[in-house]
Visitor: 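One structure, as structure tokens, below. Some questions next.
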Amino acid sequence: MRHESKAIKEIVDTVLNTLFPLNSKVDEDLVGMKTRLQYLKPRLEIGSDGVRMVGIWGVGGGGKTTLANSLYTEISQHFQDGNILIIQTNSRIWKQKEIDNMCFEDATMENNKIEAVKYDDFEDGIKTKSGIITERNYDASQLCKIVSNIKKLRYLEVSLRCSTYVEVEGPAFLSNELRYFSWHGYPARSLFPDGFQPLKLVVLKLSGRFQEEVWKGWKHLPHLKVLQLRAMDKLLITPNFDGLPSLQELTLNLCPELKEIHPSLENHTTLQYVSVSYCRKLRMFPTITHMKNLKNLSIEICPKILEFPKIHANMESLVELAIDCTGIEVLPSSIRERCTNLISLKLWRWTRIIEIPSSIIELSNLQELDLSVNDFSRLGFSLSQLTQLKVLRMSDCEKLIELPELPSSLTTLSANQCKSLTTFGDCHKNCRWLCNVSLQGGSIINDGDRLLESMLEACMAIENHYMILQLRGIHQMEKGLTPQLVRGNRCRLQLPENWCNEFSGFLMCGVTLNYYMTIDVRISKNEEMNGMDSQHDVSVNWEDTDTDNTEYRYGSGVAYVSFGMLRQTAWWDQTSKALTFEARETFRNDCRGFGVRLIEKKRKSGLTETSTIYSSGHAPYLKIEHHSPSTIEISAIRNM
């Protein structure tokens, strides 16, 4: 469950809102340069006090530079030289030399107006609080001089390409007002100049080739909440954390020489998120003594770490734990004793030696369990006790021959690339919510059709439900589909009288010349399709294929969509007589057959429930992307 931290977003938003009280976008619906100018000009509030910035965002070739040029020409008469700053990089534009002279070419000129600078070699743009656009590439030395002469800088974000990494002297001066410091490719050995007091710094993100330490000795940063050290090629040790009493998020990533995390980390009480990854020489993680507020701990691709961190405190806040490709051989009992509120547990790439501990079934709050890329042939214990478990991932377990008994709460199972798995068995017999199953890229599952029937039966007992089943190979469900599976990516369905009352939903099936596939379908009312004819409905004759060899090259996907999901859309019309189903985009390119049929309602009493899939606390993987009176587009999230 890797995601950008909510706390980081909140911190950045706060900083940006403080610095940029006005930051508008050109409405995408406005057309014509005159109209755009009329929209943009009032946003500058010409004549008012203070500084204004308007960002012009869009794809290349969309007219951003032309618009900025026109605006500059129109408003320049209202300003003295130096009061309009226009910055960007990459190509050259008008009045290049004149604009550079305003601020950047004269590096000795102090600037007391600019409070924020963003320079991005990757996206070709610098943005500042004082203006809109200029185009110029700067080397690291020039950028350090520029930063040194901005005396009220509060926000700094710099990204340099790897090819520009040359060691130079860092900034000679940094404003004590600095709140946000992010520099990708920092070019100096020393981070902070003498005299800089980072008492207001909230976010520090750093990457560079030349720093063996972030700073020397102990340093007090009382408001620092986010510390990210990435791609620090020579970093040997982290800073002392005692001077960072407000730290909430720590990221150590791609630090190949890092051997030690300062032991002061173990006493930190405000940490909420810790991620350590690709630090291949790191030998241990500090003892967890006072990290009572820690919510997320991730230790990945650190093969020298041989022991799980000792836990001496109740970790009631810890909800996500990920251990991937370490030398850890034993998952200690302290996890089930101290981490009782875990929601997500990831245990990847454990040795060929150690079995997954059965004690994980005591984590009664667990909702996601990821045991992918392991070497076991079976778990050897049931997961039925994990009554809150929603998602189970066991992909790339090449020796897996048997799935464990699954809990009734499970909604999603992913076991892709499990080459020894040939049967689903009865592991799902108690599953009431199972609606997403992916068994692609491994062997052909010989009871895939029975699994489909079981999932459909459970699915139809729940209102507004859906189902996705993805397998390798061709199964009876494709060969026996009525109406037959047709070649290509489009098929038509004639609707019988009273179809919306006699049936419960659509079952769609596709076959692609690929182990992996996804569901991505457009449904249109036939009267909206121009030029449709019967040539699209040519049935696939599977008997013509060499099933001993060809079947293994195919991937199959089945999706059931209940009418309950569709009734609230603009597309729904119970008077429709015929529909066209069409596979879209990447699915279309590899599609070898596509079909759809109506599923009859269950008539047995007591089976249909009024509850919905959302009652399980599950976020749906199948969603409606777009709907209008003529068409509706449905797709599945690609990562289960």
Visitor: Once you measure the plane-to-plane angle for Tyr180 and Tyr155, does it fall in the parallel (<30°), tilted (30-60°) or perpendicular (>60°) bin?
Guide: parallel
Visitor: Looking at Arg283, I want to see if its CZ is surrounded by more than 12 non-hydrogen atoms of other residues, nucleotides or ligands under 6.0 Å.
Guide: no
Visitor: Within the distance-only criterion (no hydrogens, no angle test), does the side chain of Ser298 pair as donor or acceptor with the backbone N or O of Ser275 below 3.5 angstrom?
Guide: no
Visitor: Ile261 pairs by side chain to side chain contact (heavy atoms under 4.5 Å, CB included) with which of Val274, Leu252, Ile237?
Guide: Leu252
Visitor: Closer than 4.0 angstrom, basic N to acidic O: yes or no for Arg179 and Glu177?
Guide: yes
Visitor: Out of curiosity, Leu321 CG to Leu331 CG, how far, rounded to the nearest 0.5 Å?
Guide: 7.5 Å
Visitor: When you measure from the side chain of Ser207 to the backbone of Ala231, do you find a donor-acceptor pair of N or O atoms at a distance under 3.5 Å?
Guide: no
Visitor: Check this for me: does any side-chain nitrogen of one of Glu257 and Lys234 sit under 4.0 Å from a carboxylate oxygen of the other?
Guide: no
Visitor: A quick test of your reading: do over 12 heavy atoms of other residues, nucleotides or ligands sit less than 6.0 Å from CD of Glu169?
Guide: no
Visitor: Please assess Thr270 against His268 for the test side-chain hydrogen bond (donor to acceptor under 3.5 Å, both in side chains), listing each intermediate value before the final yes or no.
Guide: CA-CA 6 Å; Thr270 59; His268 220 289; 3.3 Å; yes
Visitor: With a 3.5 Å distance limit and no angle check, can you tell me whether Gln211 reaches the backbone of Ala188 through a side-chain donor-acceptor pair?
Guide: yes
Visitor: I'd like to know if Glu368 pairs up with Arg393 as an ion pair, taking the criterion as any Lys NZ or Arg NE/NH1/NH2 lying under 4.0 Å from an Asp or Glu carboxylate oxygen.
Guide: yes
Visitor: Can you label the angle between the Phe181 ring and the Phe192 ring as parallel, tilted or perpendicular, going by 30° and 60°?
Guide: perpendicular
Visitor: Hey, is the main chain of Gln440 close enough, under 3.5 Å, to the side chain of Asn416 for a donor-acceptor pair?
Guide: yes
Visitor: For His220 and Trp218, take the angle between the two ring planes, folded into 0 to 90°, and tell me which bin it lands in: parallel under 30, tilted 30 to 60, perpendicular over 60.
Guide: parallel
